[in-house]
Visitor: 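Below: one structure in structure tokens.
All values below were derived from every heavy atom in this structure, side-chain atoms included, with hydrogens, water molecules and symmetry-related copies excluded. Lettering follows sequence order; numbering is per chain, from 1.
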2 protein chains.
Amino acid sequence: MEDGTLKSPGYVDSTTTDADFDVRHWDAREGCEVRQILDRVADKWSLLVIAMLDCESLRFSQLRREIDGVSQRMLSVTLRKLERDGLVSRTVHPVVPPRVDYALTPLGRTLHETIKALVTWTETHQQEIAEARAAYDARHGMMEA
Amino acid sequence: MEDGTLKSPGYVDSTTTDADFDVRHWDAREGCEVRQILDRVADKWSLLVIAMLDCESLRFSQLRREIDGVSQRMLSVTLRKLERDGLVSRTVHPVVPPRVDYALTPLGRTLHETIKALVTWTETHQQEIAEARAAYDARHGMMEA
DNA sequence: CAGTATCCGCTCTGATACTG
DNA sequence: CAGTATCAGAGCGGATACTG
């Protein structure tokens, strides 16, 4: 079930330019890691976890309580993926009642900045989107039914 | 099958502050439109379509050819969602061989800027992530199997 | 050309149960 | 407390066929 990420470890393509931003460099091609990482990073729970971990490190149950919409399984799975990607660190405290702390790594912290921008965009434009949807539904929804 | 977006058209919450960026304002709560919009916007095909439409307006078949990994169905579905959200405009030319052009709306154009940032982050850090994964797999993968 | 409708498999996800 | 294992249901996404 490995997604084959180890198949091309150091693949960079050399065409990575942030100036012209050619779309074709990150399309759906199989070898494109960017798309795959994007999926990981844009994941529903990943976004929430990274956001929660912004300022403080949290325990498993704290995260679960805070996010609350998440199931134990999904939180666990998400956390492991994030840990594997080097975005979140996992610290086990060898105490009687097991205690595990999760925190953002420096890399994870840089991602948070970017995610913030996306969320801010959404917050800023949610009103416009809601209106667009209402308008669309008014135009199309009525002729049928 | 409606996701009930019309239930709270003008909901803004008044706590929307981009300064402190309180995570709890966009968590998984049902009433939170931000999460839902985020899912739409972070969608695999949406990202590609918006990227393709950056500089020019394209026809359905052109989009399909360019993205190419996409099926006709998914492109159609994605386009309709994007149109409903007011991110993409659809122009039908009443000619003998039907011709439809898709383009980014002004709103869609602002989103592209943000998406670009996310993609740039991914491109910039894909190497680090690949290394983190390799390290993780080396640590965990070996003890079993 | 530009879609829509249908079938269907596969993944994602939640609920439940069990372990260290 | 902090997970993992298993199972079943929902939904996504693809292939195919049909329409305006």
Visitor: Is it the case that the side chain of T122(A) and the backbone of L38(B) share a donor-acceptor pair, with hydrogens and angles ignored and the cut-off at 3.5 Å?
Guide: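 Not confirmed, T122(A) side chain does not pair with L38(B) backbone.
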
Visitor: Taking any atom closer than 4.0 angstrom to a non-hydrogen atom of chain B, what span of DNA chain D does the protein reach, first nucleotide to last?
Guide: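 Contact boundaries, 5' end first: dG13(D) to dG20(D).
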
Visitor: Let me confirm one number: the CD1-CD1 distance from I50(B) to I115(B), rounded to the nearest 0.5 Å.
Guide: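 The CD1 atom of I115(B) is 4.0 Å from CD1 of I50(B), to the nearest 0.5 Å.
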
Visitor: Between D43(A) and V100(B), which has a closest nucleotide on DNA chain C that is more 5'?
Guide: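 The residue mapped nearer the 5' terminus is V100(B).
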
Visitor: Using only atom types and a distance under 3.5 Å, with no angle test, would you say the side chain of S46(B) pairs donor to acceptor with the backbone of A42(B)?
Guide: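 Here the side-chain-to-backbone pair does not exist.
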
Visitor: Around atom CZ of R65(B), are there more than 12 heavy atoms of other residues, nucleotides or ligands at under 6.0 Å?
Guide: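 Count not over threshold, so no.
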
Visitor: Short question: side chain of S76(A), backbone of Q72(A) - any donor-acceptor pair under 3.5 Å?
Guide: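 Flag not set: sc S76(A) to bb Q72(A) has no pair under 3.5 Å.
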
Visitor: Give every residue pair that meets the ring-ring contact (aromatic ring centres under 6.0 Å, His included) criterion with at least one member in residues 113-135 of chain A, sequence neighbours excluded.
Guide: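 Checked against ring-ring contact (aromatic ring centres under 6.0 Å, His included) - neighbours excluded - the pairs reaching residues 113-135 of chain A are W121(A)-H125(A).
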
Visitor: Using whole Å, what does the distance between atom C1' of nucleotide dC8(C) and atom CE of M74(B) come to?
Guide: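 About 13 Å, once rounded to whole Å.
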
Visitor: Got a second to check how far Q126(A)'s CD is from Q36(B)'s CD, nearest 0.5 Å?
Guide: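 One finds 10.5 Å between CD of Q126(A) and CD of Q36(B).
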
Visitor: Tell me whether V92(A) is reachable from F60(A) by hopping between hydrophobic residues (I, L, V, M, F, W, Y) whose side-chain heavy atoms are closer than 4.5 Å.
Guide: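 Hydrophobic grouping puts F60(A) with V92(A).
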
Visitor: Quick one: K44(B) NZ to dC12(C) C1', roughly how many Å, whole number?
Guide: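 In whole Å, dC12(C) C1' and K44(B) NZ are 14 Å from each other.
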
Visitor: With sugar-phosphate meaning primed atoms plus P, OP1 and OP2, does P97(A) contact a base, only sugar-phosphate, or nothing at under 4.0 Å between heavy atoms?
Guide: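 Contact class for P97(A): none.
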
Visitor: Classify the nucleic acid contact of R64(B) as base, sugar-phosphate or nothing, counting any heavy atom under 4.0 Å across all strands shown.
Guide: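 Nothing, no nucleic acid heavy atom in range.
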
Visitor: Taking the axis from the first five pairs and the axis from the last five, what angle separates them in the helix from dC1(C)-dG20(D) to dG20(C)-dC1(D), rounded to 10 degrees?
Guide: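 Both end axes considered, the difference amounts to 40°.
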
Visitor: Of Q72(B) and Y102(A), whose nearest nucleotide on DNA chain D comes first from the 5' end?
Guide: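 Closest to the 5' end, via its nearest nucleotide, is Y102(A).
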
